[in-house]
Amino acid sequence: MQTLTLEQLRATTAAGGVTGVTLKAQGGAFYVAVTTRAGEAVLVLTRSKEPRGFADPRKAMELLRGVGIAAGAFDITQWNPKQGSLRPSRPDAARAMKHAHSTRKQQGTV
């Protein structure tokens, strides 16, 4: 199976090379499978070339719409919403952001 970065997907779509798109769920994540004139491909991250996963299918649809793809299919046979998010929670970052916000609020800069 081939891989496509976001920029390659944009170029392939603009050139008329995309013949179909399927939003496929696996566990708690959604992945974009693309059918092109050259065969099957999956949307990947630019740097790591790993499949680009979306915790929220709406974000994947927004990305596809932004690229110029307005129709497609979905496959949720392997979806498990209880599996959880792609990213681990960051309680330390959440605390830091709350502290920074409350400090700015007290100083009147918010």
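Predicted model only: the values in this text are computed from it and were never measured.
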For Glu7, what residues pass the salt bridge (charged side-chain N to carboxylate O under 4.0 Å, His left out) criterion, not counting sequence neighbours?
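Listed in chain order: Arg10.
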
Could you tell me which residues satisfy salt bridge (charged side-chain N to carboxylate O under 4.0 Å, His left out) with Arg37, sequence neighbours excluded, listed by chain and number?
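Arg37: no salt bridge (charged side-chain N to carboxylate O under 4.0 Å, His left out) contacts found.
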
To the nearest 0.5 angstrom, please state how far the CE atom of Met61 sits from the CZ atom of Arg58.
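Met61 atom CE to Arg58 atom CZ measures 8.5 Å (nearest 0.5 Å).
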
Straight-line distance of Lys49 NZ to Leu4 CG, nearest 0.5 Å:
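The NZ atom of Lys49 sits 9.5 Å away from the CG atom of Leu4.
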
Throw together a table of side-chain donor-acceptor distances under 3.5 angstrom for residues 11-20, partners on residues two or more places apart or in other chains.
residue, atom, partner, partner atom, Å
Thr12, OG1, Gln8, O, 2.7
Thr13, OG1, Leu9, O, 2.8
Thr19, OG1, Thr35, O, 3.1

Using a 4.5 Å cut-off between side-chain heavy atoms of Ile, Leu, Val, Met, Phe, Trp and Tyr, which other residues end up in the same hydrophobic cluster as Val42?
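Result for Val42 is Met1, Val44.
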
Pairing residues for Thr46 by the side chain to side chain contact (heavy atoms under 4.5 Å, CB included) criterion, not counting sequence neighbours
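Once residues adjacent in sequence are excluded, the partners of Thr46 under the side chain to side chain contact (heavy atoms under 4.5 Å, CB included) criterion are Thr5.
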
Return the set of residues passing side chain to side chain contact (heavy atoms under 4.5 Å, CB included) with Gln2 (not counting sequence neighbours), or none when no residue passes.
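Side chain to side chain contact (heavy atoms under 4.5 Å, CB included) list for Gln2, sorted by chain: Thr36, Ala38, Ala41.
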
On a heavy-atom basis, which atom in Phe30 and which in Pro57 lie closest, and how many Å separate them?
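Residues Phe30 and Pro57, closest heavy atoms: CE1-CD, 3.6 Å.
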
Distance-minimising heavy-atom pair for Tyr31 and Arg52:
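Closest pair (atom of Tyr31, atom of Arg52, distance): CD2-O, 3.4 Å.
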
Would you say Lys98 has more than 12 foreign heavy atoms packed within less than 6.0 Å of its NZ?
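No.
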
Would you mind writing out the side-chain donor-acceptor pairs for residues 64-79 within the sub-3.5 Å range, not counting sequence neighbours?
residue, atom, partner, partner atom, Å
Asp75, OD1, Thr77, N, 3.1
Asp75, OD1, Thr77, OG1, 2.8

